[in-house]
Amino acid sequence: MVKKIGLAADHGGFELKEIISGYLKDNGFEVADYGAYSLNKTDDYPDFVIPLAQAVSQNKIDRGIAICGSGVGASIAANKVHGVRAALINDYFSSYQGVEDDHMNLLCLGGRVTGYAAALEYVKSFLNASYSQLERHLRRINKVNNLEK
Ligand code: RB5
């Protein structure tokens with residue numbers, strides 16, 4: 001069951017992170033906040049996204065949500081961490097299909113490009129989805145996982 005959610009954001013995603021954090025707490029999720037803890041226009045997304053991704057990798061949290069201005073830097077940084085399958089999501093379909101087919105475990109959002117209402121729909125859909133474990137998807141993810149060996 002998806003219960004403990006990790007969040008991370010730089011200044012470009014700080015406001016959206018706070019909104020998502022409030023939504024998650026109001027809806028019974030446990031939130032682990034990896035920062036930033038205040039709006040600092042000079043902060044750097046790797047300082048928050050990498051610890052979040054490491055927590056996903058080490059199963060300290062069930063899933064992660066990382067936000068920067070575009071979501072691009074967050075997804076690049078998160079995918080460097082072993083065992084993390086992060087994707088920048090800008091549409092509803094991919095928010096659940098990325099979990100069902102590709103076992104996405106870390107959702108990246110762009111705080112400057114995705115509106116709050118749409119972002120919350122992507123978050124809900126991401127958290128409600130589960131990996132299908134269909135043979136063809138296991139085969140595909142195994143080919144990706146082989147890169148980490
Ligand atoms: C920071 O200004 C911005 O570059 C960052 O939030 C993000 O968009 C990077 O991908």
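As the structure lists them, so they are numbered: ligands from 1, and atoms in each ligand from 1. Numbering of residues begins at 1 and proceeds along the displayed sequence.
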Query raised in the report: Do any N/O atoms on Ser70 end up under 3.5 angstrom from N/O atoms on ligand 1?
Result: yes
Report task. Mark up the atoms of ligand 1 that fall under 4.0 Å of a heavy atom belonging to Asp10, in ascending order. Result -> 1 (C), 5 (C), 6 (O)
Query raised in the report: Can Asn128 and Ser125 be counted as having a side-chain donor-acceptor contact under 3.5 angstrom?
Result: no
Report task. Starting from atom 3 (C) of ligand 1, locate the nearest protein heavy atom and write down its residue, its atom name and how far away it is, to 0.1 Å. Result -> Arg112 NH1, 3.9 Å
Query raised in the report: Strictly by modelled atom types, are Asp43 and His11 linked by a side-chain donor-acceptor pair under 3.5 Å?
Result: yes
**Report entry** Short side-chain to backbone donor-acceptor contact, Asp33 and Glu18, under 3.5 Å
**Finding:** no
Query raised in the report: Does a side chain donor of either Asp101 or Ser132 reach within less than 3.5 Å of an acceptor in the other side chain?
Result: no
Report task. May I ask whether atom 6 (O) of ligand 1 is less than 4.0 Å from at least one protein heavy atom? Result -> yes
Query raised in the report: For Lys149 and Asn146, does a side-chain donor sit closer than 3.5 Å to a side-chain acceptor?
Result: yes
Requested in this report: Check each of Lys25, Lys4, Lys60 against Glu30 using the salt bridge (charged side-chain N to carboxylate O under 4.0 Å, His left out) test, and report the only one that passes.
Outcome: Lys4
Query raised in the report: For the residue pair Tyr96 and Phe93, is the inter-centroid distance of their aromatic rings smaller than 6.0 Å?
Result: yes
**Report entry** atom 1 (C) of ligand 1: the protein heavy-atom neighbour that sits closest, reported with distance to 0.1 Å
**Finding:** His11 NE2, 3.4 Å
Query raised in the report: So is there a nitrogen or oxygen of Gly73 less than 3.5 Å from a nitrogen or oxygen in ligand 1?
Result: yes
Report task. Answer yes or no: does an N/O atom from Ala74 fall short of 3.5 Å to an N/O atom of ligand 1? Result -> no
Report summary line: If you scan protein heavy atoms around atom 9 (C) of ligand 1, the nearest is Cys68 SG, 3.6 Å
Requested in this report: Check each atom of ligand 1 against the heavy atoms of Gly69 and keep those under 4.0 Å away; list them by number with element.
Outcome: 5 (C), 6 (O), 7 (C), 8 (O)
